[in-house]
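Along the sequence shown, the residues carry numbers beginning at 1.
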Amino acid sequence: MATISRVAVCIPMSSCVLCKLLTSSLLVDYNSWIESDKGRRLRASLPTDTVLAEGYKEYDTGRTYLVSMGDWRNNKDDEVELDGIGGVNILVKADVHRSGINFPAYAFENQAETEGFARMAKRAGYQVVGLPNYVVWHIDTDEKPGNLGDRKAF
């Protein structure tokens, strides 16, 4: 974790890859993303108390996912600006929490929990950064089929 903790931003986020029997891998964290115009239009059409959750065909956001951007063999220090983050591996500088930023259990800009946290932090002026080539590996767990409809899973 030496590399990720040296990042000079308040909220660095890594990618997450599920490793199946060490013979194949599946990209799994769709909560770390860059907002899209399609997502912005969708949010604008929803009541403010509706929470968007990634992976449901009813809410196709068209977002760009951190997990689809990188390659663990490339430079671990590459950074991209994010609008939402997942809970796989979050490092947050204490001053962010001290300023009142939290993980909302309610809808905040149509997001909740970790994704709402990222929106809240950005609204307060903090930088939320993804490290697409810094990967956290989750080893061989039983995953249930998703609800992506006809959309491709990365």
Side-chain angles (χ1 to χ4, degrees), residues 1 3-5 7-46 50-92 96 101-105 107-124 126-154:
M1 294 280 299
T3 302
I4 198 169
S5 65
V7 174
V9 297
C10 292
I11 306 165
M13 188 66 205
S14 62
S15 286
C16 177
V17 175
L18 172 67
C19 190
K20 288 292 210 178
L21 303 175
L22 301 176
T23 58
S24 64
S25 61
L26 175 66
L27 308 174
V28 295
D29 185 4
Y30 296 99
N31 299 102
S32 298
W33 38 260
I34 298 171
E35 187 61 277
S36 67
D37 288 338
K38 185 177 187 178
R40 280 186 275 281
R41 285 190 305 274
L42 175 61
R43 280 184 41 229
S45 74
L46 296 172
T50 298
V51 174
L52 284 174
E54 289 302 309
Y56 291 91
K57 59 186 170 191
E58 296 84 4
Y59 296 125
D60 183 5
T61 61
R63 292 170 172 163
T64 301
Y65 302 108
L66 177 66
V67 73
S68 69
M69 292 182 217
D71 185 324
W72 63 271
R73 295 168 288 247
N74 293 340
N75 183 353
K76 308 292 184 266
D77 296 324
D78 286 349
E79 297 179 2
V80 294
E81 200 61 41
L82 293 176
D83 296 302
I85 60 171
V88 172
N89 182 38
I90 303 173
L91 293 178
V92 180
V96 176
I101 309 303
N102 60 41
F103 296 92
F108 181 85
E109 296 183 6
N110 296 104
Q111 303 296 158
E113 301 172 347
T114 58
E115 294 161 301
F117 171 79
R119 288 222 184 260
M120 194 179 290
K122 288 185 70 110
R123 167 86 66 93
Y126 291 102
Q127 189 178 17
V128 179
V129 167
L131 305 171
N133 302 321
Y134 193 99
V135 175
V136 171
W137 297 91
H138 279 233
I139 304 297
D140 199 16
T141 60
D142 255 343
E143 294 294 317
K144 293 185 170 60
N147 190 13
L148 291 174
D150 294 331
R151 289 186 299 154
K152 174 186 152 204
F154 295 97

**Request:** Among residues two or more places apart or on two chains, list those pairs meeting salt bridge (charged side-chain N to carboxylate O under 4.0 Å, His left out) that have a residue in residues 126-135.
**Result:** none

Below 4.5 Å, heavy atoms only, C-beta onward: do [X] and [Y] meet side chain to side chain?
X: Pro104; Y: Met120; result: yes
X: Phe103; Y: Ile90; result: yes
X: Glu79; Y: Leu131; result: yes
X: Val80; Y: Val129; result: no
X: Arg63; Y: Ile34; result: no

**Item:** Flag if over 12 foreign heavy atoms under 6.0 Å of CZ, Arg40
**Value:** yes

**Prompt:** Are Lys122 and Glu109 ion-paired here, with the side-chain N under 4.0 Å from a carboxylate O?
**Reply:** no

**Asked** Do Arg119 and Glu35 sit within salt-bridge range, that is, some charged N less than 4.0 Å from a carboxylate O?
**Response** yes

**Request:** Answer yes if the side chains of Glu54 and Tyr59 hold a donor-acceptor pair under 3.5 Å, and no otherwise.
**Result:** no

**Request:** Check for a donor-acceptor pair, side chain of Asn110 on one end and backbone N or O of Thr50 on the other, with a separation under 3.5 Å.
**Result:** yes

**Message:** Donor-acceptor pair, distance only, cut-off 3.5 Å: does the side chain of Ser32 make one with the backbone of Leu66?
**Reply:** no

**Prompt:** Which residues pass the side chain to side chain contact (heavy atoms under 4.5 Å, CB included) test with Asn133, sequence neighbours left out?
**Reply:** Asp71, Asn74, Asp78

